[in-house]
Structure formats: C-alpha cells, structure tokens
Amino acid sequence: MAPLVGIKDIAHAAGVSVGTVSNVLNRPDSVSPRTRARVQAEIDRLGYVRSESARQLRVGHSRMVGLLVLDMGNPFFVDIARGAQRVTRAAGLGVMLCDSEQDPAEEADYLSLFAEQRVRGVLLTPADATGRTVEMFRRHRIPFVLVDRVAEGASECSVSVDDVTGGALAVRHLLDAGHRSIAYVSGPPGLQQVADRRTGAHHALNEVGLTRDALRELPTERLDVAAGRDAGARLLGLADRPTAVFCANDLLALGVLQAMFAAGVRVPEDLAIVGYDDIEFAAAAAIPLTSVRQPAVTMGRMAADLLLEEIAAQPDGSDHQHSTIVLSPELVVRHSSLGAR
C-alpha cells in the first residue's frame, strides 16, 4: 500500500512552505492565484486527502452528524435519512448512519460512539421509552433533535407526525367500511408510536359507540415482515377472527398479507388490512396496501434544519429556541381495505 501523502509532501513538491499549503487548504483567498494554482496542481497530482482526525483534534469536533434510527430495514427510516442527508450535505457535513435495532442497549452504545467521535449533532429516533439513554447523552452537550418522536419538554427539538390522528384515520376508515371487529398488530409495547396509534384507534371506536374491547391487540417483538407473518398466524388461529386488521407499520402489514395469502384467506373480502408509513412497497404489493402516509423525507429534512440551527447557536446555545414540529398524516386508500361489510 502506498504511503499517505501529507501536507509536507505537497509543500516540497510545490516549492512552498507548509504554512502556504495550509492557507491554500483553509484560507485560499490569502494566497496569490498563481501560488494557489501551483499548490492545487500538486494536491491533484499526488492525491492528497485531508486528515480529518488532525482537523478534529485542532477544532474539537468532526464534520459529521449522527443519525440513529430504529430499523434501517424499514424504508421509512431510509427516507428520513435521505431527507436529512440532503440538508447536511448542503451544509458541508456528512452523516454517520447507525441502527439501534430497537434495542436500548444498542442505542446507548451508539450515542457513546457519537460522543467519542465528537459529532456536530445527532438526529435520533429513541428506542428507550424511559429516556435514560437520551438523558445520559445530553450530558455531553452535543446538540440533538428527536425524529418521529414528540419532545416531552422544552429541552430539545423534535419533528414527528401526529400518530394519534394517524391511528384514528386508519380505524375510522375500517369502521366506515362496516367493520366492527378489528385487530391491532401493534409492535413492541414500549414504543411511543405504537401507543399513540393505539390511542387514535380507540378514539375512532369511541366515535361510533364501541368500547376498547372491539380492538383485539396482537403485540409483536419487532416491527418487521417476519413479525407480521407471526401475527398473521396468530390471527388465523382465533376462533372469532376479526374482519379487519390495522398494523402499526407497513412491514407488519405486508407480513400479515403474506400469511393470509398462504392460508387462502382473501384480502380484502375476508380480511381488510391497513398499514402505516406508506413505504414504497405498500403500493407495489400483490394486493396494494392501504396505509397512513408519513412524510418521511420531509421529516428528515426539517429535523436536519433544526439541528443545523442549534449547531449554529453553539457553544452555549443561548440564542436557540427549541421547536416541536408535528406534521399531519394522510390516509392513502388502496385495494387491501376496499371490501365493504
């Protein structure tokens, strides 16, 4: 492997001082155009790459933003990352993308890693419902913004979607179609999104005079297709099978759809299905999936904007006002729920 080219190598090749090369890299306007062109030519010829670790030691922080999500296997979080990256790259920052896998211990480890790497800020979808890991991270005084989670206090920014309204939209749609026995494939009980969508479902039931018992909950350990298939198998085993199912995300809904297809249960004639997130795969499913749409790319972009504002207010952040942004969900109706009772 060829040795790395250093700033001294560039200075020697261009016949200038190390300080001049440093000025070309960091303060190009302070160097004459002729000298700057000569130094840049040697940089290009020798393939010099800046030492980020050296720069980080000098200034005390990196040029990276941390992004920690619950599940990179879920296209919803990919879209959040896409929106955030557009903003951070325009600001000259990179993104360090990590996956907590819905595990609070993994979340704590990654937050410690972000602190060790002196990231400029963090975009975070918390896995720990208690907030302990976030509270520990707060001590490092690194700016962070919650994504897909509402900030409970005034000590941080957040960008989320109104999941209570989203849950109500999903179940109200099924009720309007005549369903009165509905299952909720809910996901891990500790996630706030799961609880909020359940609350919205209960609101919709209450509107038509039904009690909470009309919603049969099937919790899962994860929010993925395999967990949805498992929930679908449990649903098939119920003696009094519900006529409709609302799933806490689209991956669960796709898993339920697979289980129904394998068992010969017709969707939506025998079972209506509604998902949540409206990922790309929802519309592309064998039976296009009705879903509650979250503007994921917009969420990522807005969260990154808030983070950059807080970074700009450093070091003490006294000029920064924390913002709580709650976006509205939208029901997208497709074939999976169109069978009226």
Side-chain angles (χ1 to χ4, degrees), residues 4 49-149 151-152 155-160 188 190-193 221-224 296 299-301 303-317 320 322:
L4 291 175
V49 178
R50 287 173 182 261
S51 171
E52 174 59 21
S53 59
R55 191 204 66 82
Q56 185 172 323
L57 285 172
R58 186 173 67 253
V59 301
H61 56 72
S62 72
R63 294 191 299 130
M64 300 296 293
V65 165
L67 173 57
L68 181 57
V69 301
L70 294 177
D71 179 11
M72 277 308 299
N74 187 339
F76 168 71
F77 290 111
V78 175
D79 285 341
I80 285 179
R82 184 178 296 116
Q85 180 173 273
R86 290 174 184 171
V87 173
T88 55
R89 291 300 297 149
L93 300 174
V95 176
M96 183 189 302
L97 179 58
C98 299
D99 183 353
S100 71
E101 298 184 349
Q102 305 169 38
D103 184 344
E106 285 289 305
E107 175 177 280
D109 286 346
Y110 276 124
L111 291 177
S112 294
L113 175 64
F114 290 155
E116 291 172 7
Q117 295 297 317
R118 299 295 191 269
V119 296
R120 297 298 304 275
V122 172
L123 301 171
L124 168 67
T125 303
D128 187 348
T130 68
R132 285 191 298 258
T133 55
V134 174
E135 188 58 38
M136 287 187 292
F137 181 71
R138 196 193 308 274
R139 298 172 190 169
H140 297 290
R141 297 187 177 181
I142 297 173
F144 69 92
V145 174
L146 302 182
V147 187
D148 195 31
R149 182 70 56 83
E152 295 184 0
S155 57
E156 63 265 337
C157 292
S158 68
V159 180
S160 63
L191 290 179
Q192 189 61 46
Q193 296 93 323
E221 293 184 358
R222 297 186 60 80
L223 290 163
D224 55 24
M299 289 173 65
R301 176 178 55 77
D305 282 334
L306 290 178
L307 185 62
L308 292 180
E309 289 177 11
E310 188 164 353
I311 290 171
Q314 294 295 299
D316 60 4
H320 179 71
H322 292 296

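Source: prediction; values computed, not measured.
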Which atom pairs, donor and acceptor, lie under 3.5 Å between side-chain atoms of residues 105-112 and protein residues at least two apart or in another chain?
residue : atom : partner : partner atom : Å
Glu107  : OE1  : Ala127  : N            : 2.3
Glu107  : OE2  : Thr133  : OG1          : 2.2
Ser112  : OG   : Ala108  : O            : 3.2

N/O donor-acceptor pairs under 3.5 Å from side chains in residues 73-84, not counting sequence neighbours:
residue : atom : partner : partner atom : Å
Asn74   : OD1  : Phe76   : N            : 3.0
Asp79   : OD1  : Arg82   : NH1          : 2.4

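The minimum heavy-atom distance linking Arg301 with Val87 is given by the pair CG-CG2, 3.4 Å. Closest of all the heavy-atom pairs between Gly121 and Ile142 is CA-CG2, 3.8 Å. The shortest non-hydrogen separation linking Met299 to Val147 is CE-CG1, 4.4 Å. The minimum heavy-atom distance between Ala91 and Leu308, with the atom names listed, is CB-CD1, 3.8 Å. Shown here for Pro188 and Leu223, the closest heavy-atom pair between the two residues is CD-CG, 3.7 Å. In terms of heavy-atom proximity, Pro126 sits nearest to Leu146 at CG-CD2, 3.8 Å.
Between atom OG of residue Ser158 and atom CG of residue Leu124 there is a gap of 11.5 Å, rounded to the nearest 0.5 Å. In this structure, CZ on Arg222 lies 4.5 Å from CD on Gln102, to the nearest 0.5 angstrom. Here the CG atom belonging to Asp128 is positioned 9.5 Å from the CG atom belonging to Asp103, to the nearest 0.5 angstrom.
Applying the salt bridge (Lys or Arg N to Asp or Glu O under 4.0 Å) rule to Glu135 yields the partners Arg138; only residues at least two apart in sequence or on another chain are considered. Residues satisfying the side chain to side chain contact (heavy atoms under 4.5 Å, CB included) criterion with Gln192, sequence neighbours excluded, are Arg149, Ala195, Asp196. The salt bridge (Lys or Arg N to Asp or Glu O under 4.0 Å) test applied to Asp71 returns no partner, not counting sequence neighbours.
With contacts defined as side-chain heavy-atom distances shorter than 4.5 Å, the pair Gln193/Asp148 qualifies. A heavy-atom distance below 4.5 Å is not found between the side chains of Met64 and Leu93. In this structure, Glu310 and His322 have side chains that are in contact, with non-hydrogen atoms separated by less than 4.5 Å. For the pair Leu307 and Val65, the minimum side-chain heavy-atom distance is below 4.5 Å. Looking only at side-chain heavy atoms (C-beta outward), Met96 and Leu67 stay at 4.5 Å or farther from each other.
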**Report entry** Worked check of side-chain contact (heavy atoms from CB on, under 4.5 Å) between Phe144 and Phe114
**Finding:** CA-CA 11 Å; Phe144 69 92; Phe114 290 155; over 6 Å; no
Report task. Could you give me the CA-CA distance, side-chain angles and deciding distance for Glu156 and Val145, then say whether side-chain contact (heavy atoms from CB on, under 4.5 Å) is met? Result -> CA-CA 6 Å; Glu156 63 265 337; Val145 174; over 6 Å; no
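Legend: salt bridge (Lys or Arg N to Asp or Glu O under 4.0 Å) pairs involving residues 90-100, not counting sequence neighbours: none detected.
A donor-acceptor pair under 3.5 Å is formed between the side chain of Ser100 and the backbone N or O of Val69.
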